[in-house]
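Structure first, then comments.
For the numbers below, each heavy atom of this structure counts, side chains included, while hydrogens, waters and symmetry mates do not. Chain letters run A, B, ... following the sequence lines, proteins first, then strands; residues in each count from 1. Keep in mind it's a predicted model, so treat the numbers as computed, not measured.
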Amino acid sequence: MRETLLELKDVALTYQTKTDEIQAVKNLSFSLKEGEFISVIGPSGCGKTTILSLIAGLMRPTRGTIKVAKGNAHFGYMLQKDQLFPWRTIEKNIFLPLEIMKKFDKAHIAYAEELLKKYGLYEFRKNYPSELSGGMRQRAALIRTLSFNPDILLLDEPFSALDYQTRLSVCNDVYRIIKDEGKSTILVTHDISEAISMSDTIIVLSKRPCTVKYVHEIPRGGDSPLKRREREDFHKWFELLWKELNE
Amino acid sequence: MKKKTVTQKQFSADHIRYLKKLRGRTAVVWTLGLGILAAALLLWQILADTGAIDVFIGSSPKRIAATIVDLVRNDNLFYHIGITLYETIVGFLIAVALGTLIALLLWWSEIARRVCEPYLIVLNALPKIALGPIIIVWCGSGSKSIILMAVLIGIIVTVINMLNGFLAADKDKILLLRSMGATKFQILRKLVLPGSVKTFIGTLKIDVGMAWIGSVMGEYMTSKAGIGYLIVYGGQVFKLDLVMAATAVLCVLATMMYLGVALLEKLLVKNRS
């Protein structure tokens with residue numbers, strides 16, 4: 001039985017604005033197990049990103065609890081665009097979390113450099129982001145996210161800024177790295193096929209105020225995302241999820 | 001992908017032709033640019049020599065050159081240049097430093113920002129020369145008042161520009177840093193400051209101009225020396241040769257200071273695409 005890393009229970013969030021009070025999230029409950037890959041899909045504007053902000057502790061829920069197994073676990077946050085700092089070399093970008101967290105010591109630097117080597121960016125460590133292709137930049141962003149060895153990865157549509165070709169291969173790439181490093185992941189996406197190809201579990205959210213509508217366990221049998229797209233049941237899942245999203 | 005080490009490559013004939021064309025175009029631009037200046041000076045001189053221009057009012061290139069030589073020999077031109085440069089540079093530095101510092105404080109505190117906003121708008125709209133009499137009464141006649149004028153003219157623009165630059169820091173990058181647990185000070189140091197280098201250089205370029213306006217205007221108000229003083233004095237005694245000679249010197253000085261900032265930009269903005 002895998003350990004539960006993260007548990008959301010009856011989480012609700014209400015925004016206050018000058019003219020209105022907006023309920024963004026209500027009665028949201030789900031949990032993430034160790035090594036699990038969850039995708040969260042939902043109609044656009046339903047507050048998917050808000051959920052990640054809540055989990056990462058950037059916002060406080062109005063009601064409910066978010067429990068993290070390891071006390072104060074670290075979250076690795078990855079956004080739509082790579083968000084590499086253009087004035088820093090790749091290496092310096094990857095060290096950024098270490099500098100922020102005051103972990104800029106030999107052991108952590110060695111670990112980050114190990115990741116650079118393992119995932120083919122070591123020879124580009126002195127280059128600036130503008131000198132790398134979109135796919136490589138996104139890989140650099142992932143390594144930055146991993147450099148401080150977080151327990152849980154939060155991915156906010158990390159591939160949607162890439163063109164289709166690059167997207168498929170980066171998706172594969174990122175999946176392999178995440179599995180290699182044994183990370184637990186929550187991916188927020190609007191792309192149904194991406195969700196099917198990458199996840200163990202798919203959570204379908206309702207319109208705002210968003211709450212969990214359906215949860216699906218996707219059988220994947222160790223296939224890579226690209227392989228997963230070729231499986232017979234891929235279309236069946238796609239149709240089901242499409243229907244559920246548009247209900 | 002761009003490689004850093006440029007390998008010696010054998011260029012094709014087409015490429016060499018292309019490079020030649022580029023160089024040719026640059027040569028045309030320079031020739032035309034300098035040509036226009038030379039032609040204008042020549043025409044001016046001819047019109048002055050033939051009497052079409054009254055040299056008493058219109059001066060002439062030759063007379064201006066002679067005046068400059070005379071200023072160097074008899075009136076200690078470099079002393080006047082020194083005074084004006086001193087006032088301009090000190091005013092410039094204070095405006096930049098203090099303006100940037102105020103912008104930082106306003107970036108830090110939203111309340112302070114909202115409180116100061118109407119003041120900034122009023123001060124920005126106010127023609128600073130209107131403060132001249134007050135400045136002279138409070139600071140006396142001389143360099144102190146002139147520097148204050150230069151500071152006043154430069155500082156508001158600096159605050160507004162730099163504040164906008166600081167506030168333009170990418171929201172997603174701030175979110176990313178916050179997810180790493182960054183403090184506000186860390187966000188400032190790692191993102192906002194390094195991200196504002198371009199804005200800073202832009203502001204310096206504007207401030208060079210502002211400092212010159214301030215110092216020359218200050219010298220118009222109250223001074224016993226300096227390039228602005230020479231211009232005003234020349235005007236008062238109707239020596240247009242002196243006015244124009246001093247203006248020419250001013251052109252050279254201001255351009256040199258601007259080029260200095262441009263050089264600084266080259267040093268700072270490497271690799272920051």
Side-chain angles (χ1 to χ4, degrees), chain A residues 49-50 52-59 72-90 92-93 95-104 123-137 141 144-145 147-148 150 152-158 161, chain B residues 1-7 9 100 104 107-108 110-111 113-114 117 162 164-204 263-273:
Chain A
T49 301
T50 312
L52 292 190
S53 292
L54 283 167
I55 295 173
L58 298 176
M59 283 178 175
N72 52 350
H74 284 303
F75 295 99
Y77 211 134
M78 196 169 156
L79 298 151
Q80 199 177 94
K81 292 193 191 125
D82 54 67
Q83 302 299 353
L84 295 168
F85 290 18
W87 53 86
R88 286 176 166 243
T89 58
I90 293 302
K92 286 269 167 58
N93 264 295
F95 294 155
L96 180 68
L98 305 181
E99 290 170 27
I100 299 288
M101 295 170 180
K102 311 230 185 300
K103 286 181 174 174
F104 199 55
E123 58 173 309
F124 299 103
R125 68 192 187 283
K126 301 288 184 200
N127 285 70
Y128 286 87
S130 58
E131 296 167 326
L132 267 61
S133 68
M136 286 174 101
R137 285 216 296 266
R144 176 185 59 196
T145 313
S147 69
F148 57 99
I152 297 169
L153 298 186
L154 306 173
L155 312 184
D156 190 354
E157 310 214 10
Chain B
M1 193 169 315
K2 236 165 54 193
K3 276 256 173 75
K4 275 221 160 150
T5 48
V6 179
T7 43
K9 224 163 74 179
T100 308
L104 265 182
W107 174 82
W108 191 274
E110 198 216 330
I111 298 251
R113 197 155 66 230
R114 286 174 58 188
E117 202 185 354
M162 289 312 295
N164 285 338
F166 292 152
L167 290 174
D170 192 308
K171 297 280 174 294
D172 282 342
K173 287 196 171 66
I174 294 178
L175 183 77
L176 184 77
L177 285 174
R178 284 184 56 215
S179 82
M180 297 171 191
T183 60
K184 196 161 189 176
F185 184 69
Q186 280 176 322
I187 292 174
L188 178 68
R189 250 193 52 204
K190 305 287 182 192
L191 174 64
V192 174
L193 287 182
S196 303
V197 171
K198 267 188 188 158
T199 312
F200 186 64
I201 298 284
T203 308
L204 288 188
L263 190 72
L264 186 72
E265 176 177 25
K266 268 202 180 147
L267 294 176
L268 282 177
V269 193
K270 263 188 296 180
N271 282 317
R272 286 164 184 259
S273 48

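Options Arg189(B), Lys190(B), Arg178(B) differ in how many heavy-atom pairs under 4.5 Å they form with chain A, and the most are formed by Lys190(B). Interface check for chain B: of the options Leu154(A), Thr145(A), Leu58(A), the most heavy-atom pairs under 4.5 Å are formed by Leu58(A). When the candidates Gln83(A), Lys81(A), Met78(A) are compared by the number of heavy-atom contacts under 4.5 Å with chain B, Gln83(A) comes out ahead. With chain B as partner, the option from Ile100(A), Leu52(A), Thr89(A) having the largest number of non-hydrogen pairs under 4.5 angstrom is Ile100(A).
Nearest approach of Met180(B) to Arg144(A), heavy atoms of both residues: CE-CD, 4.2 Å. The heavy-atom pair separating Leu79(A) from Asp172(B) by the smallest distance is CD1-O, 3.5 Å.
With a 4.5 angstrom heavy-atom cutoff, Leu191(B) touches chain A via backbone and side-chain atoms both. For Glu99(A), the parts lying near chain B are the backbone and the side chain together; criterion is any non-hydrogen pair under 4.5 Å. Interface remark: Lys102(A) contributes side-chain atoms only to the contact with chain B (heavy atom separation under 4.5 Å).
Taking CH2 of Trp87(A) as the start and CG of Leu193(B) as the end, the distance is 9.5 Å to the nearest 0.5 Å.
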